[in-house]
Amino acid sequence: MGSELKIINGRVYDPINDIDGEIRDVCIRDGKIVESVADDAKVIDAAGKVVMPGGVDMHCHIAGHKVNLARKFQPEDHRHDVQPRVGALRSGTGGTVPSTFTTGYRYATLGYTTAMEAAVPPMGARHTLEELHDTPVVDKGFYLLLANNVCLNQLLEQGRHAEFRDAVAWWLNKSKAYAIKLVNPGGDEPWKGRKNSNVHDLDQPISGFDLTPRKIIKALIDVSNDLGLPHPAHIHCNNLGHSGNYATTLETMKTADGRRAHITHIQFHSYGGEVGKNPTSAARQIVDYINEHPNISADVGQVMFGKATIMTADAPLTWLLRNMSKDKWINADTECESGCGIIPFSYQEHVYTHAIQWAIGLELFLLSKDPWRMVLSTDHPNGGSFENYPRLIRLLMDKPFRDEQAKRANPKAIANTSLLDIDREFTMREIVIVTRAGPARLLGLENKGHLGVGADADITIYDEMEDKEAMFNAARYVIKGGELFIDNHEFRFDHEGSVYHVSPSYNPEIERVLKPFFEDYYSVQFENYPVSDHYIARGVTVPTGQSQP
Amino acid sequence: MANRNEQGVWEHVPSPFCGIGSDDLKIRVSGSRIEVLENGDAVTREAFEQPLGETRPMISGKPVSLEEAVERAAAVLAEAELPLLAGLATDVAGMRAALSLADRLGAVVDNMNSRAAMRNILVLQDSGWMTTTLAEVKNRADLLLVVGTDVESLFPRFFQRHIWVDGMFVEAADREVVYLGKAPSGYASVSPDGRKPTVLACEDRDLPAVVSMLRLLVNDRPVGVDSVGGIEIQALKELAGRLKSANYGVIAWAAGALEWEHAELTVQITCEMIKDLNQRTRCSGLPLGGREGDQTATQVCGWQTGYPVRVRFSRGIPEYDPYLNATERLLEEGEVDALLWLSAYNSSRLPPRVGVPTVVLGRGGMNFDQPPEVYIPVGVPGIDHAGHTYRTDNVVAVRLFKLRDSGLPSSAQVLEAIERAVRAKLSS
């Protein structure tokens with residue numbers, strides 16, 4: 001059978017199943033990993049190579065309204081980096097915000113087979129799914145922006161908690177989303193409501209509502225756990241980028257009160273110092289808290305020197321940063337559900353702030369005691385493109401390389417961190433955890449991130465090399481859903497990938513509450529708002545489990 | 001989602017024609033005849049209700065089977081050195097298929113409304129902007145300034161749906177409307193309580209100077225003249241003051257209405273003025289468009305190639321050029337040797353008259369002076385087949401429904417068939 005495959009002689013890393021560099025076989029049938037296959041199965045000889053699960057990017061911006069606006073906005077981002085048409089594959093363009101086909105192909109080239117779009121307003125769900133449809137190879141899903149939703153805010157301020165819960169579940173269902181996303185909770189209202197300002201304290205009242213950011217954060221953390229969602233509330237904290245913001249981040253984590261919560265691109269939220277002055281590193285304070293609180297997980301949001309595109313639902317932040325790069329920028333308010341901003345950006349080694357951001361990200365990785373809960377991301381393309389992952393892996397695995405890079409960066413910034421004092425080098429097992437097993441586990445994707453029997457056959461095979469950047473830059477083989485997508489560095493066929501979403505149950509009576517709100521305030525009919533199944537050609541509904549403590 | 005009762009009446013029907021995503025139409029379908037019963041307007045009624053027209057494919061004006069027409073279309077395109085796929089008024093699936101075909105052929109793609117769209121795109125790409133969407137207008141806008149556009153002739157229901165309703169943070173009675181440049185052609189901008197809009201009219205040719213002056217006044221710059229384009233400076237000063245005192249001002253324009261050379265510069269001054277205003281209050285731009293699938297075309301082209309429109313695949317990669325890849329220029333300079341014209345919404349948008357072999361995929365009922373080499377009638381998205389389209393504010397994808405059984409293929413189906421035939425030719 002063509003769908004049977006056996007990988008032999010490879011050095012296998014599979015931390016979920018406690019396999020750490022053993023030479024052993026991996027067998028595949030019908031897209032899944034199995035015990036054994038027939039003798040005439042196709043064989044890949046992986047001698048001298050490393051075999052691991054496909055990469056899982058749990059936080060990136062690859063599809064939807066603001067991503068596409070960022071593409072159309074920056075022709076100069078694409079011109080120098082083209083993706084020629086090859087065989088059955090489509091042409092496209094790269095840069096910091098690649099076209100959809102190119103996004104899929106390039107993730108696959110690096111050995112990544114799953115990527116989650118991290119910020120979608122419900123109204124943008126259809127658009128996002130249209131783009132994900134055209135993003136090949138990878139499995140995917142998206143997180144739903146709910147922390148600045150006027151309707152939900154009203155339910156919350158009126159203390160209607162059961163209805164709030166049902167409304168959140170309704171929205172997740174009707175948008176075909178995977179998880180709940182919070183961005184700068186409560187910050188849209190002061191921004192849109194005249195004063196182009198922001199909230200800065202978790203207990204500061206939000207103009208127009210009898211509500212605080214803390215109440216929104218607590219409510220959405222609770223709902224995520226109560227609904228038993230596979231991934232907990234995914235939180236972009238208030239005060240992103242501000243000096244001294246680590247205190248806000250600590251407060252946000254404390255608000256979880258022992259329940260599960262995920263803090264995203266935490267590097268951007270780990271700054272000491274005073275507002276308006278240069279940041280210092282608060283990586284130690286943040287990591288200490290996370291080390292001691294197993295209910296909290298994070299992805300780093302590493303910045304990498306070079307080009308980036310700031311692209312965020314944190315609209316007031318964009319307004320604040322707009323003149324920093326003396327370049328063009330975009331701000332857009334979005335349908336009472338969100339807002340967004342886009343700025344072309346470049347992180348430069350000699351700039352104090354950029355250098356300390358870079359060093360803080362690395363501190364977070366290296367000081368963390370539990371790689372399962374401090375996983376790899378660059379908040380693509382905010383901290384840099386996902387195409388930087390191989391270099392980031394080398395920075396973690398190779399102390400001399402890291403120190404050499406640090407010495408090129410602003411010395412005052414580096415001296416204000418502990419980076420040069422840290423000797424730790426990540427092992428291959430730890431790299432597999434922060435790029436695969438960890439994100440898969442945090443997402444609650446039980447069939448991803450490992451190579452045990454029953455897992456999805458999403459597998460990467462790299463040549464074993466001393467230079468880890470070169471090694472992770474181009475997988476020799478990539479198997480997606482049991483099919484050999486990249487065979488000896490060559491693309492073999494097109495693969496669509498599946499859309500992962502959740503469908504938590506809710507009391508249908510909630511529509512009686514929502515419908516009048518829509519009729520009064522929305523620009524589409526309530527009947528036309530839900531995303532129908534037509535939008536998902538290949539979908540996987542991930543079951544919601546028991547309510548989490 | 002839209003549904004049909006026993007009498008063949010559909011409710012909650014979205015209009016693919018109006019650009020602002022009206023999705024509350026009530027429509028009766030009897031056989032192939034369509035009647036808008038409720039919430040229609042001049043634009044949507046005419047577009048929905050036109051007769052089905054010719055449904056047979058033609059080669060040089062003579063009816064043929066769909067297979068023959070597809071085969072000939074593929075031959076015309078495959079034999080060309082540099083084909084142009086233009087018009088591109090279709091839904092998401094149609095645009096996907098058009099881009100796939102262009103990628104395979106090494107063709108150029110351009111949209112029928114891109115001359116207008118470029119006035120916005122050039123500004124977006126040069127300096128960026130601050131914009132908003134229709135629900136924010138409805139819930140927050142206390143001042144609407146319309147620049148150079150007679151909104152109601154292009155978007156008849158804009159005021160009814162988004163201005164003269166009570167929003168979350170502002171009531172209809174508290175909203176003000178000001179026109180700068182063109183005066184309104186009717187009464188849509190008059191409030192339900194009888195307040196007329198303030199109109200500061202001027203000739204199109206003076207509008208660039210008038211908008212520049214308004215920006216100066218917004219920034220409290222000294223001005224040495226008493227009037228500009230026939231408008232008193234005092235009146236512009238008052239307008240600048242109102243923009244600054246509004247809580248959430250919205251400045252709207254339709255690029256298609258700004259018909260003068262380098263109108264993008266006027267759009268740019270407007271957008272920079274909006275940024276200036278946000279130093280002290282909120283103000284946002286609202287570019288109006290979205291008719292004939294133009295936002296759909298730029299969205300899909302954007303995500304598949306990285307560029308909004310005017311993309312060339314002839315070197316095996318997408319290459320964007322806002323000037324070199326323009327339909328008019330390519331045809332005038334004789335750079336392309338075959339044309340595929342796609343107009344699925346509007347039978348009166350005919351292909352440009354050119355001396356190269358032409359394939360037309362069009363809504364039934366197109367009247368050609370000279371029949372094209374191939375004409376394949378295609379269904380209208382939102383009438384003859386389901387589909388997705390983008391409305392003017394680019395954020396909201398609207399799901400369209402199949403309302404009748406005309407048997408017409410979708411543009412995507414025809415384009416996919418042409419691509420299959422092209423592949424067979426190229427590989428043989």
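Because only heavy atoms are used, hydrogens play no part in the values below, and waters and symmetry mates are left out as well, while side chains stay in. The structure presented is a predicted model; accordingly, all values stated were derived computationally and were not measured.
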**Message:** Before you tell me yes or no, could you show the steps for B:Leu99 and A:Arg90 under side-chain contact (heavy atoms from CB on, under 4.5 Å), namely the whole-Å CA-CA distance, both residues' side-chain angles and the distance that decides it to 0.1 Å?
**Reply:** CA-CA 10 Å; B:Leu99 287 164; A:Arg90 294 284 301 276; 3.8 Å; yes
**Prompt:** Can you name the closest pair of heavy atoms from A:Gln525 and B:Asp23 and give their distance?
**Reply:** N-OD2, 2.8 Å
**Prompt:** Which heavy atom of A:Ser91 sits nearest a heavy atom of B:Gly316, and at what distance?
**Reply:**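 Smallest interatomic distance, heavy atoms only, reads CB-O, 3.5 Å.
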Would you say [X] and [Y] make side-chain contact, with heavy atoms under 4.5 Å?
{"X": "A:His133", "Y": "B:Arg96", "value": "yes"}
{"X": "B:Lys138", "Y": "A:Ser523", "value": "no"}
{"X": "A:Arg85", "Y": "B:Arg104", "value": "yes"}
{"X": "B:Met130", "Y": "A:Arg322", "value": "no"}
{"X": "A:Arg126", "Y": "B:Tyr390", "value": "no"}
{"X": "A:Ser99", "Y": "B:Thr305", "value": "no"}
{"X": "B:Tyr320", "Y": "A:Arg79", "value": "yes"}
{"X": "A:Glu76", "Y": "B:Gln125", "value": "no"}

What distance do [X] atom [atom1] and [Y] atom [atom2] have between them, rounded to the nearest 0.5 Å?
{"X": "B:Arg399", "Y": "A:Tyr535", "atom1": "CZ", "atom2": "OH", "value": "6.0 Å"}
{"X": "A:His127", "Y": "B:Gln299", "atom1": "NE2", "atom2": "CD", "value": "4.5 Å"}
{"X": "A:Ile330", "Y": "B:Thr131", "atom1": "CD1", "atom2": "OG1", "value": "7.5 Å"}
{"X": "B:Arg140", "Y": "A:Tyr521", "atom1": "CZ", "atom2": "OH", "value": "11.5 Å"}
{"X": "A:Asn528", "Y": "B:Phe401", "atom1": "CG", "atom2": "CZ", "value": "5.0 Å"}
{"X": "A:Lys72", "Y": "B:Trp303", "atom1": "NZ", "atom2": "CH2", "value": "9.5 Å"}

**Item:** For chain B, the option from A:Met123, A:Glu130, A:Arg71, A:His65 that forms the most heavy-atom pairs under 4.5 Å
**Value:**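 Top count of heavy-atom pairs under 4.5 Å with chain B: A:Glu130.
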**Complete:** Max heavy-atom pairs within cutoff under 4.5 Å with chain B, candidates A:Ile342, A:Val82, A:Val524, A:Asp134, goes to A:Asp134
**Asked** With only heavy atoms counted, which part of A:Gln83 is less than 4.5 Å from chain B, the side chain, the backbone, both or neither?
**Response** backbone
**Asked** Relative to chain B, which segment of A:Asn68 carries a heavy atom at a distance below 4.5 Å: side chain, backbone, both, or neither?
**Response**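 Only the side chain of A:Asn68 comes within 4.5 Å of chain B.
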**Message:** Which atoms of B:Ser100 are under 4.5 Å from chain A, going by heavy atoms: the side chain, the backbone, both sets, or neither?
**Reply:** both
**Message:** Determine whether a donor-acceptor pair (N or O, by modelled atom type, separation under 3.5 Å) exists between the side chain of A:His78 and the backbone of B:Gly306.
**Reply:** yes
**Request:** Show your working on side-chain contact (heavy atoms from CB on, under 4.5 Å) between B:Ile317 and A:Thr93 and close with a plain yes or no.
**Result:** CA-CA 8 Å; B:Ile317 50 172; A:Thr93 55; over 6 Å; no
**Prompt:** Which one, B:Asp126, B:Leu134, B:Asp103, B:Val309, leads in non-hydrogen pairs under 4.5 Å with chain A?
**Reply:**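 Top count of heavy-atom pairs under 4.5 Å with chain A: B:Asp103.
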**Electrostatic pair B:Arg282:A:Asp333 at N-O distance under 4.0 angstrom** =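 Salt bridge: yes.
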**Message:** Other residues, nucleotides and ligands only: do more than 12 of their heavy atoms fall within 6.0 Å of CZ on A:Arg538?
**Reply:** yes
**Request:** Just jot down the side-chain hydrogen bond (donor to acceptor under 3.5 Å, both in side chains) partners of B:Asp110, sequence neighbours excluded, or say none.
**Result:**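 In terms of side-chain hydrogen bond (donor to acceptor under 3.5 Å, both in side chains), with neighbours along the sequence ignored, B:Asp110 is linked to B:Ser114, B:Arg310, B:Thr327.
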